Structure formats: structure tokens, C-alpha cells
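Structure first, commentary second.
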Amino acid sequence: MRVRFAPSPTGALHIGGARTALYNWLLARHAGGTLVLRIEDTDRERSTPENVEQILDALRWLELDYDEGPISQISRTERHQEVLEQLLAGGHAYRSNATADDVRAFKAEHGAQRGFRGAAEDTGAVRLRVPDDGATVVHDVIRGETTFQHTHLDDPVIARADGSVLYNFAVAVDDLDAGITHVVRGEDHLSNTPKQLLVLEALGAPQPIYAHLPLLHGPDGKKLSKRHGAASVQELREAGFLPEAVRNYLTLLGWGSDDDQTILSTAELIERFGLERVSRNPAQFDAQKLRWLNGRYLRELTVDDLTARLEEYTGRSGLRGAVEISREKVQTLADFWPLAGFIFDGPADDPAAREKWLGEEGRAVLADVRAALQDVEPFDMEPVQAALEGVVAAREVKPKAVFQPLRVALAGRAVSPGIFETLVVLGRDESLARIDRALEIPAT
RNA sequence: GCCGCUAUCGUCUAGGGGACUAGGACGCCGCCCUCUCACGGCGGAAACCGGGGUUCGAAUCCCCGUAGCGGUACCA
């Protein structure tokens, strides 16, 4: 099996493209086949080296490796010209100066469902000659057979007047030369497939096996964009998702295992993925579910691993203790700092929390807490907990009445990791200092 | 307009003529756990687009309609 991923470098790698890459990768790894990476850069206006680099970077982050390439389509210009001449010489293609207006006029005259046929000229763009009769049938693993009547097809332009080739021609030739056995790509290419098939047929070449994947949409059914949470791999990364969780989630968008299992490691995905079970309906990207899944993966990591990833993500170091007490409470790497940053940067400023918990009553409690913590020895979970529970018992109040004022004193907010854990991570000196500071600030 | 694809809970899906009073997951709601927020556990609400067929019997097969999406570029 030889598959390929062929993005065009006209922007960042979008989630839909990432899923296409992932499916091809899973297929190749499952079958012990070869994944070829080809950069479809025949649109020279929109293709940039920066975009190529971004795509490669996204694939690296997703940990999707390829076996051949990246091959630039532009680098194959010579070969394209050769094949073009071959088609021209064989009468399968012709030059024509017909414009889009000419095509429209033709249809106005012959009916909209009648495909455009041009007359051969000495100059102009190169059009592929579509037979007048018959049909081209696309055999698709996912969709079955789709028949395209030739009479409905326009003679497609396969090379511009300046000689540069167009997508539907280049893709057919490149897949052929690369020995691609399975073309797995988005459904938006289904309608173009007969054109590519016609090129192959004119060349007397065999057909690859096709599989057109359902498209991905945003929560509103529209094209995926940033306001849906993320549209590109880069945005996913910045949002603090783990590549392994993204692989799991993206695979599930359009495919389900036979037992409908949700959490599947990459090894399991490789083991179980197959084209037969790919869905035919478009799927909507659901950032909520990704978050949940990401949280599951996050909690599977060892503290050391998670710490390393968070230190890379935040650019800070010495995070281990804070990570250890926060991991139950975060779903993404991005959730960590808002929750635990106070440990390093000092208490947050939340007037509402202060007002609610550090009034007269709260401060009185805090004073007791301070006294109780002062002599705790050692300053570890158990003794600290015992000391605080002593305050609760002595004051005959609900635990919350003691813990919340303390929390606000330490974190500046009403939400934080567990209070005993937080105290221990901060240490006695820092904890007492923060309590003192809270007591100094006048009640509002 | 024309050509084509698709159609099960809000979302991702299981289902491939009787096993369906339609299963799972996210989300949502309730309860439990509980120092906040989470995590975890338990329970609940929630769907076969509409209409015709075929059949003893359709979520499952066929047709029509409708809707969504894609293509219709000298874009990819």
C-alpha cells in the first residue's frame, strides 16, 4: 500500500487536512505501507515557503511521520510538460483560447447540463478532450460507485496558456508516478475525480483505489474557523491540547471502532483503523469533547511527563509540585496557569472573593488559622490537615468557613487546588506571609 | 442554474429487514463524594428529515421531496 498526503501550502494546516493526513498515516502504519508527502504548490501566487514550513511543523507536532518526500509539485514541471505533450500528440488534449465566458455561452446555447467542448486551436490553454458519450465511474471505498456522464463534463483546462499545469492534471500524473495505490482525501475532490481518471485513461494508466472522506464542519455546520475553538493544528497546540489526544479525537471524527470505543491509544488506532468503517456524513468539530478527551489523556501522564510538557508550554520551570496538586483539575495545558499560577506569581486579585470570604468573620478565622499553622511540625499534609480541622472544631463552624478565607488569602481567588496541598507546596513561610498580607489589607 | 454527495439524540456515532420499548461517548440535568473547582460514581431527559413504495415485518432496501454540503476556475 502506498498512500499520500498532498496539502497545498496556501495557509496553515487546518483540522480537516490534519485528519486527512492522520487517516493516511494510520492506513500506512496499519498495513506496513508507505506514506508519501507531496506539496501541491502549482498555485504559485498563494503557495509560500512559510506555509510549507508551517505544515511540516504541524505534522511534526502531531507526530505523523512520512516515508517519502516532501515532494514539491513544481519540481516536477519537466515531467508534467512531457506528459502534456504526450496527451496533445495523442489527441487526448487540445489547445484552446476559449474563456470562461465562452463556456457559459456554450451552455446557454446547449443547455446548462451540457458540458463544454472546444475547438482545437494553435495557441491557448490546454484542455482535456472529454469523450462525447459514455461515463466515467468512480469506485470509492467509502461511497460505492458514482457515475459521471461525460456529456455533463466540461473539457477541463489542464494547463494554462503559459504552460503551467493545473491541479487535476498534476495530481493524476504525480499519483501515477509515485505509484500511489490508495488516494484518500476530502470529499470536496469527489467531483474532480472523473477529470483525473480521464487523464489516467488517456495515459493508459491504471486507477488507484479512491476513498473520499466526509468533510469537517464547525458547530454551526459552517466552515471551521477560529471562533469554533480552533481551526488549525497550530491553534490546537496553542490551546494546550496533547497531540495524542488530538489524534484520538480526530480519528473519531468520521470513523468509529466496531465496538464504538471512545478512548483509543495511537497503537490501538493503528491496529483497528480501516477505510471500511469511515462514515459518509460530514462531522462537526466539537471542542468540548476534545477537551474532555484531552483531560483523560492528561491524567494518564506521569507527573514528570506532565510537568515537562507544562514547563515547555508555559516557559516556566520548577512546576512539579504545583502540577502534582493541579492535575485533577485541568483539561488542557492552558488550564494550568490560571489555576495554579498564584503559587508562583502571588495571589490573584479578586475583589468579589475577598469581599465574600475576608470580611470580619473571615479575618477572625484567618487569625486562628495562622496561629494553628505557625507551629505545625512537620509542615506536611497530615499535620497541616489536622491543625486546620482543629480550628474547624474549635470554632464549631463548617469546614468551608475556615478553608475558603484561607484559600482567598493564599490564592486570591475562591478556586484553587486542594487547600492542604496548596499550603504544603507554598511552604510555611510563604503561607504565613500571605495570610499576614491578607489580614493587613483592610476589609472592603 | 447544472452535476454530485449526504441525512439516527444538541454533537460524534452503534445499527447493515425481525435481537430496537434504538445502544455508547461528549455536553446537559439530578444525586452521591467533597475544603472551592474539578476528578470519580450513580441516575435522567434527549434521535431514526418528510412522503410514497417493497415486505408478513423497516432506522435498515427502492423512489420522490426537502435540507445541508461539495463541485461547476487558465484555485487546490
Side-chain angles (χ1 to χ4, degrees), chain A residues 6-10 40-43 45-47 73 96-100 103 107-108 111-116 124-127 138 140 142-143 146-149 152-154 156-162 164-168 170-171 186-195 212 214-215 217 219 221-223 249 252-263 277 279-293 295-296 299 326-331 335 339 353 357 385 388-389 392 398-404 406-408 411 413-420 422:
Chain A
S8 65
T10 52
E40 311 248 297
D41 50 4
T42 50
D43 184 343
E45 327 257 282
R46 296 193 296 157
S47 302
Q73 210 156 36
S96 163
N97 288 298
T99 63
V103 173
K107 295 195 178 211
Q113 70 278 60
R114 173 82 180 275
F116 171 80
V126 180
R127 283 184 187 268
V138 177
D140 189 288
I142 297 167
R143 278 152 221 285
T146 303
T147 302
F148 294 86
Q149 297 297 333
H152 294 149
L153 261 35
D154 295 330
V157 174
I158 57 176
R160 301 179 180 93
D162 68 6
S164 61
V165 298
L166 259 25
Y167 171 74
N168 284 119
V171 80
E187 195 213 286
D188 48 336
H189 291 287
L190 182 59
S191 301
N192 287 322
T193 307
K195 301 175 193 171
H212 287 94
L215 262 20
H217 296 142
K222 294 290 184 333
K223 235 175 112 161
Y249 178 70
L252 255 24
L253 235 38
W255 176 86
S257 64
D258 46 6
D259 58 0
D260 216 12
Q261 199 176 314
T262 303
I263 298 180
R277 294 190 62 85
S279 161
R280 285 171 323 224
N281 9 341
Q284 295 186 15
F285 178 79
D286 179 7
Q288 289 256 49
K289 190 161 183 175
L290 209 209
R291 282 184 63 82
W292 166 79
L293 196 58
R296 297 283 302 239
R299 271 168 256 123
S326 306
R327 64 203 236 99
E328 296 299 316
K329 301 172 189 295
V330 298
Q331 287 187 306
D335 292 343
L339 177 72
W357 296 106
Q385 181 166 352
L388 290 179
E389 278 165 357
V392 171
K398 291 188 172 181
K400 191 188 232 179
V402 172
F403 299 145
Q404 283 302 82
L406 175 55
R407 190 186 312 283
V408 174
R413 310 191 308 146
V415 175
S416 82
I419 199 69
F420 315 127
T422 301

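Just the heavy atoms: all of them, side chains too, but no hydrogens, waters or symmetry mates, feed the values below. First the proteins, then the strands, lettered A, B, ... as listed; each starts at 1. What you are looking at is a predicted structure, and each value in this text was computed from that prediction instead of being measured.
Base pairing annotation: B:G27 forms no Watson-Crick or G-U wobble pair, as no partner gives both donor-acceptor distances under 3.5 Å. Pair check for B:U6 finds B:A67; Watson-Crick or G-U wobble, both atom distances under 3.5 Å. Of the nucleotides present, none pairs with B:G17 by Watson-Crick or G-U wobble criteria with both distances under 3.5 Å. Of all nucleotides present, none satisfies the Watson-Crick or G-U wobble test against B:U54 with each distance under 3.5 Å. In this entry B:U36 has no Watson-Crick or G-U wobble partner, no candidate having both defining distances under 3.5 Å.
Comparing B:U8 with B:C49, their C1' atoms sit 10 Å apart, to the nearest whole Å. Comparing B:U60 with B:G53, their P atoms are spaced 15 Å from each other, to the whole Å. The gap from the C1' atom of B:C5 to that of B:C42 amounts to 43 Å, rounded to the nearest Å. Distance noted for atom C1' between B:A67 and B:G15: 23 Å (whole Å).
A:Arg407 comes within 4.0 angstrom of a nucleotide base, judged by non-hydrogen atoms across all strands. Contacts of A:Leu252 with the nucleic acid, taken as non-hydrogen atoms under 4.0 Å apart, involve only primed sugar atoms and P, OP1 or OP2. Residue-level contact check: A:Tyr249 touches neither bases nor backbone, having no heavy atom under 4.0 Å from any strand.
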Considering only nitrogen or oxygen atoms on both sides, find all protein atoms under 3.5 Å from nucleotides 72-76 of chain B and state each distance.
{"unit_1": "B:C74", "atom_1": "O2", "unit_2": "A:Ala161", "atom_2": "N", "d": "3.0"}
{"unit_1": "B:C75", "atom_1": "OP2", "unit_2": "A:Arg160", "atom_2": "NE", "d": "2.7"}
{"unit_1": "B:C75", "atom_1": "OP2", "unit_2": "A:Arg160", "atom_2": "NH2", "d": "2.9"}
{"unit_1": "B:C75", "atom_1": "O2'", "unit_2": "A:Asp43", "atom_2": "OD2", "d": "2.2"}
{"unit_1": "B:C75", "atom_1": "O2'", "unit_2": "A:Arg46", "atom_2": "NH2", "d": "3.0"}
{"unit_1": "B:C75", "atom_1": "O2", "unit_2": "A:Arg46", "atom_2": "NH2", "d": "3.0"}
{"unit_1": "B:A76", "atom_1": "OP1", "unit_2": "A:Thr42", "atom_2": "O", "d": "3.4"}
{"unit_1": "B:A76", "atom_1": "OP1", "unit_2": "A:Thr42", "atom_2": "OG1", "d": "2.5"}
{"unit_1": "B:A76", "atom_1": "OP1", "unit_2": "A:Asp43", "atom_2": "N", "d": "3.3"}
{"unit_1": "B:A76", "atom_1": "OP2", "unit_2": "A:Tyr167", "atom_2": "N", "d": "2.9"}
{"unit_1": "B:A76", "atom_1": "O3'", "unit_2": "A:Glu40", "atom_2": "O", "d": "3.2"}
{"unit_1": "B:A76", "atom_1": "O2'", "unit_2": "A:Ser8", "atom_2": "OG", "d": "2.9"}
{"unit_1": "B:A76", "atom_1": "N6", "unit_2": "A:Asn192", "atom_2": "OD1", "d": "3.3"}
{"unit_1": "B:A76", "atom_1": "N6", "unit_2": "A:Asn192", "atom_2": "ND2", "d": "2.5"}
{"unit_1": "B:A76", "atom_1": "N1", "unit_2": "A:Asn192", "atom_2": "ND2", "d": "3.0"}

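For B:U36, the OP1/OP2 oxygens have no side-chain nitrogen or oxygen of A:Arg413 closer than 4.0 Å. Within the structure, a side-chain polar atom (N or O) of A:Arg277 is placed less than 4.0 Å from OP1 or OP2 of B:G15.
In this structure, A:Arg143 and A:Pro214 have side chains that are in contact, with non-hydrogen atoms separated by less than 4.5 Å. The shortest side-chain heavy-atom distance between A:Asn168 and A:Pro156 does not fall under the 4.5 Å cut-off. Residues A:Phe148 and A:Thr193 have side chains not in contact (no heavy-atom distance under 4.5 Å, counting atoms from C-beta outward).
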Exercise for the section: Summarise protein proximity over nucleotides 24-32 of chain B in one line of letters, 5' to 3': B for base, S for sugar-phosphate only, - for none, counting protein heavy atoms closer than 4.0 Å. Expected result: BBS------

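Smallest separation of non-hydrogen atoms from A:Tyr249 and A:Gln284: OH-O, 4.0 Å.
Partners of A:Tyr167 according to the ring pair (Phe, Tyr, Trp, His ring centres under 6.0 Å) rule, which considers only residues two or more places apart in sequence or in another chain, are A:His189. For A:Asp335, the side chain to side chain contact (heavy atoms under 4.5 Å, CB included) criterion is met by A:Arg291, A:Val330, A:Gln331, A:Thr332, not counting sequence neighbours. Judged as a ring pair (Phe, Tyr, Trp, His ring centres under 6.0 Å), and not counting sequence neighbours, A:Trp357 has no contacts. Checked against side chain to side chain contact (heavy atoms under 4.5 Å, CB included), A:Leu166 has the following partners two or more places apart in sequence or in another chain: A:Val157, A:Arg160.
Comparing atom distances between the A:Gln113 side chain and each of B:C69, B:C3, B:C39 picks out B:C3 as nearest. The side chain of A:Phe420 has B:C35 as its nearest neighbour among B:C3, B:U6, B:C35.
Side chain to side chain, A:Thr146 and A:His212 fail the donor-acceptor criterion of an N or O pair below 3.5 Å.
Scanning atom types as modelled, no donor and acceptor separated by under 3.5 angstrom connect the side chain of A:Thr146 and the base of B:G4.
Here A:Asp154 does not pair with A:Arg127 in a salt bridge; the nearest charged N to carboxylate O distance is not below 4.0 Å.
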